[in-house]
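In what follows, a single structure is set out as structure tokens and then discussed.
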Amino acid sequence: MNDPTSGVTHLDIDAKESTFLDSSELILNMGPQHPATHGVLRVILKLDGEKVLGLECVIGYLHRGVEKIAENRTYAMFNPYVDRMDYVAAVSNGLGYCEAVEKLLNVEAPPRAKYIRVILTELNRIASHQLWLGTHALDIGAMTPLFYTFRDREEILKIFEKYCGARLTTHAFRIGGCLYETYDGFEQDVRNFLDFFTPKIDEYEELLTTNRIWVQRTRDVGVISGKDCIALGVTGPVLRASGVKWDLRKAQPYAAYKDFDFEIPVGTKGDTYDRYLVRMAEMRQSMRIIRQAVDGLPSGPIMAKVPKVLKPPVGEIYHSIEAPKGELGYFIVSDGSTQPYRVRVRPPSFVNLQALDLMCKGQLVADVVAVIGTLDIVLGEVDR
Amino acid sequence: MVGSLKRRFGSGLEALTYLGQNYLQSDAALLPELLQNLRDEEQFDYCVDITALHYPQRERPFDVIWILYSFPKNERIRVKAQYADGAAVPSAVKLWTTANWLEREVFDMFGIRFEGHPDLKRILLPDGWKGHPLRKDYGILQQDQAWVQINLGIESGQ
Amino acid sequence: MPSYITSYLEKSVQVTPGEAGNIFWAMVYILCVFGGVSLVVVCMNWLERKILAHMQIRLGPMRVGPHGLLQPIADALKLILKEDIIPEGADVLVFWLAPLIILLAVFSVYCVIPFGPTHAITDMNIGLLFMLGVSSLGVLGIVMAGWASNSHYPLIGALRSSAQMVSYEVAMGLAVVSAVLMTSLNAQGTGTLSMIGIVQAQQAQHTWFLFKFFPLGVVAFVVFAIAMIAETNRAPFDLPEAESELTAGFHTEYSGLRWSLFMLGEYAAMIAVSSIAITLWLGGWMRPFPHLLTGPIWDLAFSLFPALTFFGLAALALYAVGRMWKVPYFRAQAIGLAGLAAVFGLIGFVLLLPPVRTGVQDVYWFVAKIAVFLYLFIWYRATFPRYRFDQLMRVGWKVLLPIGLIVLVLTAIAGVIFG
Amino acid sequence: MTPVATPFFFYMLSGLMVVGGLFVITRRNPVHSALALIVTLLAQAGLYLMLYAPFVAGVQIILYVGGIMVLFLFVIMLVNLERTEREKPFNKQWLVGLAAALALGAMFVGVYVKGRALLPEQTVSLPEAENTQQVGLMLYGNYMLAFEIASLLLLVAIIGAVVMAKKRI
């Protein structure tokens, strides 16, 4: 399958002599500007009538060369770039990077900073899942959840804005802790949000969980087994929905997660409906974590002693956290100078997208849209 | 675990740890069976990441790194090997299917060929693009002017 | 000439103008039916956007006129002024004909709908059969529209929607047959297909067919209701216009006035199909509980309903005016709204006069029931996600068809036993 | 219902049918000929109405125009159109065509000459009101057996269609 972009200016896939119906295999081009491909993703589908025989993803439209830029920026300067990769879960990107560099510098963030970091990351996880639910339901045709989820997501973005000035790409953390002390009324805002959001999540469940058509459109769609998930390196809610009980926050706790108790929701069949249930349960667990974190917020400094100019010793470190989409890892190699020698980002969306081909085999075109939605990929992270 | 590996592979292998993360420095020849062994006997069933480093001044400039994780043992390990420019690295697609795209990206960014890879071609950059950006000798502002002119019809990106 | 006009009026036996062969009054009825339908379509456009918005916790159109009341007019103007593109390589004749066929099919259904014992354009003794036949003509229009646009997506959309409509016509027909079966349970044992006849049968049997042989009537009604939604490509069955996969179904290539014809056709089809359901199962123009709550006081109470609704609308408008009056910027719109409230109030008073009150009774109840159905259509659109194409066909063939057959057989048996 | 200007309607409808029929065979584009066929069938339904047979007219519209013609259009669209348009519509057997036309012409002339005598004396007057009941009684009364055989035949045809299509699914 030669890549159509190489030199061919006009992609002529339906040559005049064979109308598309009598050739047994039809190549359909779900192009970069398609309403259902969350961002600039192009999927070339090989169809037999309505059934999908196989598909190939053409990515790279949003490639900004973040890793190349990292080699020409100092450690602190690269921090905002990290938020631009997975712009929906910017806070957890920042957390991963800051903790990786702190490990490199062998520095420990103070407990208060760790608690603040956990609160903001979990809020960001809920916001990311809300955006996923809204757009995923819209792809399958249910218009209403989109407005409910965005109304509630607005509350979280208000808290971010009050804390660090930005709503989406927050740049909330610094290497060594948090720069800003929490504004007074921060705990109260978070508690208000939790009380506000608890009935709201039941509203989503009311709308969709027992909705017959929703169940029919998602049950047994895009099934992937636990074994395939591990072989394909798929992590996050998709892996948990396939029955593998694995969450980095429990397996290799970072920040302050070992102080909180929460469960890991696990699915059984690994289809789109299970992933929907797992993500809804994850939102509830995040709320539990936030409540515990806010109640137990310790006082004390929020910034560890970190030199003005960071010059970490020569060495390399791999540190990964549980981002809303899956395992987000940073492999940083330092050569002793102020600029990192190499920053490799292990993006969950990029690896999860690889499973699209396996999940869509034998499904119908309408299901490809649903599966892309359920994988919850963000193209900024896929292309870096 | 390191002891058993040492007995099997002898000299070519040395285990180091840095900041609590242990990694194996192995030479190129041992690699295929080492990865196979790690996956089967040592149950490292999840290949987290495959990436590379470029040290232009060394005679074998490329460091290819496999980051593995084992679910049963909840343990992480890194395997590093040095390769000359243009040397063929054994592909890990047969061991972990996730390596397919990861190796394609390393090829796209560094120009390291993986033999045994089913469909090795660029993944992020367009096919006709000349040059591999993440190499140290590839300037930050540099671009493949020819490709830009043909396909986008503009002078140059910058 | 005037005698020809008045001759119909004081005729002793009250018969629909069509039957009486009086062309003039038939024309009058046709004009007021089509005027009424287009008026309803215009305000349906506004209502749908407002109700859908409020269900999705947003406000809907607020900018054009008070509470967006002038929005439909603005839309209509926009569509008329928009350029009407015919895609290159399209088959012009078929492209131009398609929307006309759809409109022809939908509006010809209206000439048999009974708004009252004599308020119908005409009454054929095969009224129901005629309606089903003509509504199946709509499929032709869609297929032609899809084919004439000469591009992949509309063609696939057209094939899908015509397959859907053809398969749901079968389910619809079965549900209708079981209702017609109930009409034959009178003395001389022969039912009737004429719409007015069906409603009179329900009057004679003192019950709406919905409640006849209790579970059967309701099940047949539900089968018809589902098939009805699929027939008009609405709500959960609107796959042909599925935005996420095929851009916009068979009317992708249409634009401007031609596209608005499709929209007009869709809304008119919704009204036509729901009026069939009302005539068959909900007792057409009969007011609720005509035989249970009889007696002068009840008649008086029910006859006040039309006036009350218009007074309610006027009160609503006045309340909105009160709220808008505080903000100077909205003062102009508030005056407009107050004018509208005055008009509603006036109509309410006119409806209070005794002769007008009884006259308008039948039409009012029929239109009120249609309003309920239209609200349901909008409600479905807000809540249900979309069926996938194979599920949609499965529901049509494997669920509705067997249930329709079973209900038909059971009604027949019940008819013979309870007869 | 007193008939209204029947001769005008009769000639208009039959003229429409003849013109439609001609269009069916002369159009190069198959979809246009399908549309012409639809016009002919609708005109035929109109004729049934004039013969006080509304039930048959209703069935005609549902079955022919609503059902069969939609399938015609389906098939025309699915099959490859470009090839059929390029072929020359008129092939060379004009000799056979001429003979058939002559025979038909002779028959028309014969009918025209005999005129009224051909038709039976008393025209059966079917009360228009209960036409549907009449058809119903006739169908389920006297011709019950024929009705059952026909329905059996249809059943066989449906099952045959399903079996043929089964191979492809």
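Order of the sequence lines sets the chain letters (A, B, ...), proteins ahead of strands, with each chain counted from 1. Model, not experiment: these values are computed from the prediction.
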### Query
Can you find a side-chain donor-acceptor pair between B:Tyr69 and A:Trp246 that sits under 3.5 Å?
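Side-chain D/A pair, B:Tyr69 to A:Trp246: present.
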### Message
Can you see whether B:Thr51 engages A:Arg346 through a side-chain donor-acceptor pair at a distance of less than 3.5 angstrom?
### Response
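No pair is found: no donor N or O on one side chain lies under 3.5 Å from an acceptor on the other.
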### Message
Ignoring hydrogens, what is the shortest heavy-atom contact between B:Asp45 and A:Ile230? Give both atom names and the distance.
### Response
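Heavy-atom minimum between the residues: O-CG2, 3.4 Å.
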### Query
Any idea which heavy atoms bring B:Lys136 and A:Tyr341 closest together, and the distance?
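Scanning both residues completely, I find the closest heavy atoms to be NZ-O, 2.8 Å.
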Any side-chain heavy atom of [X] sitting closer than 4.5 Å to one from [Y]?
X	Y	result
A:Leu239	B:Tyr46	no
A:Arg344	B:Leu53	no
B:Trp101	A:Cys57	yes

Please flag which part of [X] lies under 4.5 Å from any non-hydrogen atom of chain B: side chain, backbone, both or neither.
X	result
A:Glu316	both
A:Asn72	side chain
A:Leu62	neither
A:Gln354	both
A:Pro348	neither
A:Val382	backbone

Which bit of [X] comes within less than 4.5 Å of chain A, counting heavy atoms only: side chain, backbone, both or neither?
X	result
B:Ile123	both
B:Asp108	neither
B:Arg39	neither

### Query
If you count heavy-atom pairs under 4.5 Å with chain A, which of B:Leu102, B:Asp119, B:Asn74 comes out on top?
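The option with the most such pairs is B:Asn74.
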### Query
Among B:Asp49, B:Val48, B:Ile65, whose side-chain contact (heavy atoms from CB on, under 4.5 Å) with A:Phe331 holds?
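Exactly one candidate clears the test, B:Ile65.
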Rounded to the nearest 0.5 Å, how far does [atom2] of [Y] lie from [atom1] of [X]?
X	Y	atom1	atom2	result
A:Asp383	B:Leu125	CG	CG	10.0 Å
A:Phe350	B:Thr98	CZ	OG1	8.5 Å
A:Arg384	B:Met109	CZ	CE	7.0 Å
B:Trp96	A:Leu232	CH2	CG	14.0 Å

### Message
Does A:Lys258 have more than 12 heavy atoms from other residues, nucleotides or ligands lying within 6.0 Å of its NZ?
### Response
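Yes, NZ of A:Lys258 has more than 12 neighbouring heavy atoms, counting only those of other groups under 6.0 Å.
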### Query
Which one of A:Glu67, A:Gln252, A:Lys103 has the most heavy-atom pairs closer than 4.5 Å to chain B?
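Greatest number of close heavy-atom pairs with chain B: A:Gln252.
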### Query
If you measure from the Lys or Arg side-chain nitrogens to the Asp or Glu carboxylate oxygens, is any gap between A:Glu327 and B:Arg76 under 4.0 Å?
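Looking at A:Glu327 and B:Arg76, the cut-off is met.
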